[in-house]
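Taking it in order: structure first as C-alpha cells, then the write-up.
None of these values were measured; they are calculated from a predicted model.
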Amino acid sequence: MSDTQREPLRWRRHGVSGSQFGRMKALTQSHAMIAEDVTSNAFQTAIELPDLSGFSTPVEKAVRLLKSAAAIEHALMVQYLYAGYGFSPANRDIISVAIEEMSHLMTVQNLLLLVGGQPDLSRQDFGPADSDDSRLFPFDLMLEPVTHESLAKYVIAESPQEVPAGVDPALMQRILDVATQGVGMGVNRVGTLYALLGAVFGSETLLLQKAATGDPWYVMVNSLAAEAASLYGGRDRVHLPDSAFQPMSVAAQGSDSDWDRTPVNAALDEFRVHTADGREAALEALRDIGLQGEGPSTQPTEVAHFMRFLNLFKRFYGAQGMGTGPATGSKDIPRASVITVQQGSTDPQAISNQETVRWARLANHRYAVLLGSLEWYLRMPPNERRFLLGWCFAEMFALKKLSSILTTKLRKDNPSEGMAAAPFTLPPWSGRPVTWQDLEAELTSAITEVTAILAGSGVSQEQTRVLIHLKSSDERKLAESTARASGSSDRRKSDQAREILDWAAGAADVQSHNGDSPPLPDQNQGRFWNLPLADFKQTTILGDNIVTPPGPGQDAPLINVLRTGLMPGGRRPKLKPTDAEFLFLEEWVGNQCPDDPA
C-alpha cells in the first residue's frame, strides 16, 4: 500500500444551502450548530467532506474510502470488545455491537475485492491526530472501560443525521457535551463515511431512482452525491463506472453462509456478511451497514447501535444523563490507546504483574493469529481456504476466554492498582501482508507462553483445560503454518475434523452458552476436539464414548449431536446432514477417526 493510502484524510468544509444533507453532521460539529434551526430545510450551514484531491478516479476514491471504513470498523470492534469484556460478566449489549462491527469489516473487505482492491485489516493505532481537520475516524482509538465519557462517544459516533422522534433533544445535547469534552474535539459520525461511499458506488440515475422511493438513506446519499460532485469536479469524478466492478470476485468474497455464526433467534440475524456482484448489491450492503449502525434498521426486531448505546447511557447515567463515572459492573481496567505489557513497567496503565504479563501476551498472540488467519482466508483461492474458517472461529473463542480470565488478574502487584484486560496490540506485521512465517512466530511464542503459565502456580482447573486445548490446537496450526511457508501442507483428516467442529461451534457469542461443549454433571470437557487425537478418541459424555456407536446402525454420540442439533443453549449447529462437512465427519468417525493426510 502506498504512503498516501495510509495517510489520514483531511476534512474540507463545503457550504450548503437547503440540502437534505446539510444537517447530516450537525450533531457532531459544535454547540453552535446544534443551536441552529435544523428542523428547517432552508437553513444555511456547511458540511465537511474528506479531501480526495490526491485520488483522481472514482476507483481510487472508492479504495481509499473503503480502507478508511475497514480501519474504522476494526477500531470500533476492538474498542467495543474491550469495553464489553470489561464487565463481569461481559456486557452482552456491547459485545453484540462488536460482533456486528466484525460483519461490517467483512463486508467492506468484499467491496474492496469487488473494485479490484486487496484485503485490508489495518486499524487506527497512531494516537491522536494533529488536529480535528485530519480526522476521518469517529474518535481517536482508546481502549477503556465504560464511563459516561466513553459511552457518550459511542452514542454520537453511531448517531443518525437527525435526533430521532422520541429521543429527548436535551439528553442528546448532554451526551454531545460529554463526548466532545471527553475527547477534546468533535466526534465524527460513522454514517458520514458510508453515505459518501454510497455516493461513490451509486450512479446518478440509480440514486435518483432510489431516492424517488422516499427511502431516507437514499434521499440523503442522492443529495450528498450532488454536493460531492461540485466539490470533487463532476459526477465522473464521483461515481464508479460500470467497468470498475468485478463480478467474478464474488467467489473470493467471504459469504454469509461461511461467517454467519451468531443466530440469536429466527427473527434477528445479528452477524450478516454481504457479498456484492455489482453496483446495486454494493449499495444495499452499504445501506444495511448504515442502518444497522444508526437505524432505523430494516430488520424488524433489531435495535440499531445508536439506540442500544443510548439505552445503555440512560441505564447507567439516568434519563437526563446526569450521572458520571464508571458504569455499574465495569472493572478498573487499563485506559490507553496502546496498553504496555511489560513486567516492572511504571506506567500506571501498563500490565506489569509477572503472572498477568504472560496471560496478556498470550491474548496478543491470539489476536495476531486471528488477524493473520482472516487475511489469509481473504487472499487464498476459495477452494483452498476452508480450514482457515475454523482457525478464525477458534481464535475468536480463545480471545473471549482469555479476556474473561484477564479481568480477574491483577494489573500490577498491588491489588489497589486495578485489573488487567486483553491488550489487543497490533501484530508486528501490521501495515504489510502477513506471511506464514509471521504465523509461525506467533504460534511458537503462544506455545511458549502456555507452557510457562501451566508450569506456574495459581492456575485453576478450568484455566488449565483452556490452556491445554489451546496448546494442542497451536501445535497443529504451527505444523501447518511451517508447511505452508515451504509451499506444502501438513493437514490431516483429524485436523479437518477439528476445523469443522471449531467452525460449527462458533465463537461463543450466543448469550445462553459459553461456547464449550454442553455442561454436564461433574464433567467440564470443553472443546474436547482440540485435544490430541488419542485423547479425543477417549472422550466420554455421560459415560458414552463420543466416537463409538451405542449399537448397530446407530450414530456415534458426536454425530448424533450434530445431526439432531442438541447443541449448548439450544442453538443448532451450522451443519445440515446433507452438508459436505457433516458427511465428512460422519465418514471420518465411522472409519474410527483416521489420521491420514487431508
Side-chain angles (χ1 to χ4, degrees), residues 78-92 94-95 98 142-147 150 326-370 395-426 442 445-471 473-474 507-508 514-516 524 526-527:
V78 165
Q79 289 171 101
Y80 295 163
L81 284 174
Y82 187 90
Y85 286 137
F87 287 78
S88 182
N91 186 290
R92 176 63 195 175
I94 300 175
I95 296 297
M142 183 66 68
L143 299 173
E144 56 190 332
V146 172
T147 65
S150 66
T328 304
S330 67
K331 293 196 169 187
D332 181 13
I333 57 178
R335 182 184 187 275
S337 57
V338 178
I339 296 172
T340 300
V341 180
Q342 182 179 348
Q343 186 178 349
S345 173
T346 58
D347 177 355
Q349 302 301 321
I351 297 172
S352 60
N353 176 275
Q354 180 179 6
E355 174 194 346
T356 311
V357 161
R358 291 201 176 277
W359 285 97
R361 288 175 179 164
L362 180 59
N364 278 338
H365 294 314
R366 303 268 62 92
Y367 178 48
V369 175
L370 170 60
E395 296 306 332
M396 286 187 275
F397 171 77
L399 270 172
K400 173 186 181 294
K401 299 295 286 187
L402 293 175
S403 292
S404 64
I405 291 171
L406 275 161
T407 57
T408 69
K409 301 291 183 182
L410 295 178
R411 187 191 315 173
K412 299 184 177 299
D413 295 337
N414 187 341
S416 67
E417 294 184 82
M419 311 306 288
F424 289 100
T425 305
L426 283 171
E442 293 295 334
S445 297
I447 292 169
T448 299
E449 297 293 359
V450 168
T451 302
I453 294 171
L454 287 172
S457 59
V459 184
S460 70
Q461 181 179 359
E462 180 186 0
Q463 291 168 2
T464 298
R465 174 180 56 79
V466 170
L467 292 171
I468 289 173
H469 291 176
L470 278 178
K471 186 171 183 288
S473 176
D474 282 348
N514 65 4
D516 288 329
N524 189 15
R527 293 193 166 195

Can you confirm whether Leu81 sits close enough to Lys400 that some side-chain heavy atom of one is under 4.5 Å from a side-chain heavy atom of the other? no

Strictly distance-based, threshold 3.5 Å: is any side-chain N or O of Thr407 a donor or acceptor partner for the main-chain N or O of Phe87? no

First locate atom CE of Met419, then atom OG of Ser330, and finally report the distance between them rounded to the nearest 0.5 Å. 13.0 Å

Give the minimum heavy-atom separation between Pro415 and Asp413, together with the two atoms involved. CD-O, 3.4 Å

Would you compute the distance between atom CD1 of Ile447 and atom CD of Glu442 and round it to the nearest 0.5 angstrom? 12.0 Å

Hey, are the side chains of Ser150 and Met142 touching, using non-hydrogen atoms and a 4.5 Å cut-off? no

Salt-bridge present (Lys401, Glu462; N to O < 4.0 Å): yes

Do Arg465 and Gln461 come within less than 4.5 Å of each other through their side chains, counting heavy atoms only? no

What closest approach, in Å, do Pro423 and Leu143 show between heavy atoms, and which atom pair accounts for it? O-CD1, 3.1 Å

Going by side-chain hydrogen bond (donor to acceptor under 3.5 Å, both in side chains), name the residues that satisfy it together with Thr425, two or more places apart in sequence or in a different chain. Asn364

So, do Arg366 and Leu402 sit near enough that their side-chain heavy atoms are less than 4.5 Å apart? yes

So CG of Leu454 and CZ of Arg358: to nearest 0.5 Å the spacing works out to 11.0 Å

Heavy-atom closest pair, residues Ala446 and Asp474: CB-OD2, 3.5 Å

Tell me, do Phe424 and Leu399 make a side-chain contact under 4.5 Å, heavy atoms counted? yes

A quick test of your reading: do over 12 heavy atoms of other residues, nucleotides or ligands sit less than 6.0 Å from NZ of Lys409? yes

Closest heavy-atom contact between Ala363 and Leu406? CB-CD1, 3.9 Å

In plain terms, say whether Arg411 and Glu417 are close enough for a salt bridge, that is, a side-chain N and a carboxylate O under 4.0 Å apart. no

Within-4.5 Å side-chain heavy-atom neighbours: Leu467 and Val459: yes

Are Asp347 and Ser345 close enough that a side-chain donor and a side-chain acceptor fall under 3.5 Å? no

Hey, mind stepping through Thr408 and Lys331 against side-chain contact (heavy atoms from CB on, under 4.5 Å) and telling me if it holds? CA-CA 9 Å; Thr408 69; Lys331 293 196 169 187; 4.2 Å; yes

Taking every heavy atom of Ile339 against every heavy atom of Gln349, the minimum-distance pair comes out as CG2-O, 3.9 Å

Rounded at 0.5 Å granularity, tell me how far CD in Gln463 sits from CD1 in Ile453. 9.0 Å

Approximate separation, where rounding is to 0.5 Å, of Tyr367 OH and Leu426 CG: 5.0 Å

Nearest heavy-atom approach of Ile94 to Ala83 is CG2-CB, 4.4 Å

What residues form a side-chain hydrogen bond (donor to acceptor under 3.5 Å, both in side chains) with Tyr82, not counting sequence neighbours? none

Pairwise distance CD(Gln343) to OG(Ser352) - rounded to 0.5 angstrom: 8.0 Å

